[in-house]
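Letters go in sequence order (proteins before strands), and every chain restarts at 1.
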Protein chains: 2
Amino acid sequence: MPTPRPQLVQPDPDDEGLRGHVGYNMKRAFHMIQMDVNATLAPFGLRMVTFSALVVVMENPGLRQSQLAELLAIERPNLVVILDELEQAGLLTRDRAPDDRRAYALHVTAKGLALCEEARIAVSAHDKRMAEGLTDAELDMLITALRRIERNGKLGRSPK
Amino acid sequence: MPTPRPQLVQPDPDDEGLRGHVGYNMKRAFHMIQMDVNATLAPFGLRMVTFSALVVVMENPGLRQSQLAELLAIERPNLVVILDELEQAGLLTRDRAPDDRRAYALHVTAKGLALCEEARIAVSAHDKRMAEGLTDAELDMLITALRRIERNGKLGRSPK
DNA sequence: AAATTTAGGTATGAGTTATAACTGTTTTAA
DNA sequence: TTAAAACAGTTATAACTCATACCTAAATTT
């Protein structure tokens with residue numbers, strides 16, 4: 001008696017088989033964060049990357065584009081349009097570097113500084129929202145673990 | 001005396017101003033994981049999504065496409081090409097559901113099962129590699145935190 | 001029986017990331 | 001002191017992911 005192929009086995013299907021993998025959970029969590037942070041930054045005319053660039057330039061005035069690309073782990077060609085966006089919005093300037101006529105020294109404008117401060121408050125609120133239910137210690141450990149994973153990934157790829 | 005604008009302030013520029021935000025750290029960590037897991041799965045002809053789909057179908061035989069899309073948080077249109085890929089590779093089948101002529105019941109083939117088991121071992125090795133330096137307890141907490149964030153994001157968006 | 005909903009699919013557009021190659025400038029070396 | 005190499009920024013482009021609108025066939029509702 002050939003048993004017919006079962007069509008519906010699980011009464012309540014689930015993805016628990018994947019939940020043990022870090023990558024799967026992180027992909028889903030990151031997707032949520034990305035949605036939320038972009039919605040948070042939209043009123044400021046910013047995206048996650050442009051916000052990141054703005055903060056780093058603000059805290060490292062005079063930075064070169066290549067340095068910024070290196071810090072943010074972004075390819076230089078992609079950074080160009082990001083800076084175009086920020087420059088056009090009047091949030092930062094590309095000043096020619098006096099000692100190297102190839103390079104630009106990046107500076108945040110007063111307008112950029114003000115917007116960045118406001119956006120930062122909004123992002124911090126977003127952080128708090130997304131981390132609801134986690135203790136401060138758990139949050140610290142989360143960030144430590146994420147940095148550890150990033151570092152492990154770097155070590156694995158191209159020891160340079 | 002008008003002071004000239006400083007061009008290089010930080011001797012060693014950094015992105016510490018962003019490191020306090022969960023999203024920034026997660027983006028970078030996830031990027032590393034994605035690189036590594038895709039490199040890990042490439043020899044099997046799989047990507048992160050196709051692997052995920054394969055595992056979930058394997059553990060929930062007879063699943064409908066819409067159920068799979070729901071479980072993986074993927075839009076139905078995007079799932080189509082993923083299943084095309086897996087079906088063409090002979091790893092799973094789309095069997096017409098006897099009780100509903102619109103629907104397909106998904107099943108993993110013997111070939112798919114074998115490949116999936118092997119790929120899983122490779123992915124587990126990848127997990128271990130990426131989590132090096134974290135204790136089991138820390139890893140558990142990381143996953144718990146990620147699921148918490150995912151859930152917080154879901155609650156925030158579309159209460160449905 | 002007509003209207004609505006559902007399952008799967010097609011087509012398409014937006015957004016992100018990566019690569020190759022180019023211009024102009026600086027540095028290194030012959 | 002030129003010639004070669006390296007570097008800063010840019011352009012163009014391709015691959016991949018994700019989302020939306022719309023279509024068909026079949027089921028369900030009214």
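- Here the P atom of nucleotide D:dC7 and the CD atom of A:Glu70 are 13 Å apart, to the nearest Å.
- Under the 3.5 Å distance criterion, the side-chain polar atoms of A:Asn38 are matched with a main-chain donor or acceptor of A:Gln34.
- A salt bridge is defined here as a Lys NZ or Arg NE, NH1 or NH2 lying under 4.0 Å from an Asp or Glu carboxylate O, and B:Asp36 with B:Lys128 fails to meet this definition.
- The stretch residues 102-113 of chain B participates, sequence neighbours left out, in these salt bridge (Lys or Arg N to Asp or Glu O under 4.0 Å) pairs: B:Asp100-B:Arg102.
- Applying the side chain to side chain donor-acceptor pair (under 3.5 Å) criterion to A:Glu117, with sequence neighbours excluded, gives no partner residue.
- Phosphate proximity of D:dT10 to A:Gln65: present, with a side-chain N or O under 4.0 Å from OP1 or OP2.
- Within residues 73-86 of chain A, the residues approached by DNA chain C to less than 4.0 Å at the level of any non-hydrogen atom are A:Glu75, A:Pro77, A:Asn78, in residue-number order.
- Under a 4.0 Å N-O distance rule, the pair A:Glu138/B:Arg148 does not qualify as a salt bridge.
- Clustering of Ile, Leu, Val, Met, Phe, Trp and Tyr by side-chain heavy atoms under 4.5 Å joins A:Met141 with B:Met141.
- Contact check of residues 17-48 of chain B against DNA chain D (heavy atom, cut-off under 4.0 Å) returns B:Arg47.
- For the side-chain hydrogen bond (donor to acceptor under 3.5 Å, both in side chains) test with B:Tyr104, the passing option among B:Gln65, B:Arg94, B:Arg96 is B:Arg96; the others fail.
- Here B:Ser66 does not reach the OP1 or OP2 of C:dT6: none of its side-chain N or O atoms lies under 4.0 Å away.
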Using nucleotides 25-30 of chain D, report all nitrogen or oxygen pairs with the protein that are shorter than 3.5 Å.
residue : atom : partner  : partner atom : Å
D:dA27  : OP1  : B:Arg101 : N            : 2.8

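- Between B:Phe30 and A:Phe30, the angle of the ring planes lies from 30° to 60°, which puts this pair in the tilted group.
- Classification of B:Arg147 and A:Glu16 as a salt-bridged pair holds, one side-chain N sitting under 4.0 Å from a carboxylate O.
- At distances below 3.5 Å, at least one donor-acceptor pair connects side-chain atoms of A:Asn60 with backbone N or O atoms of A:Val56.
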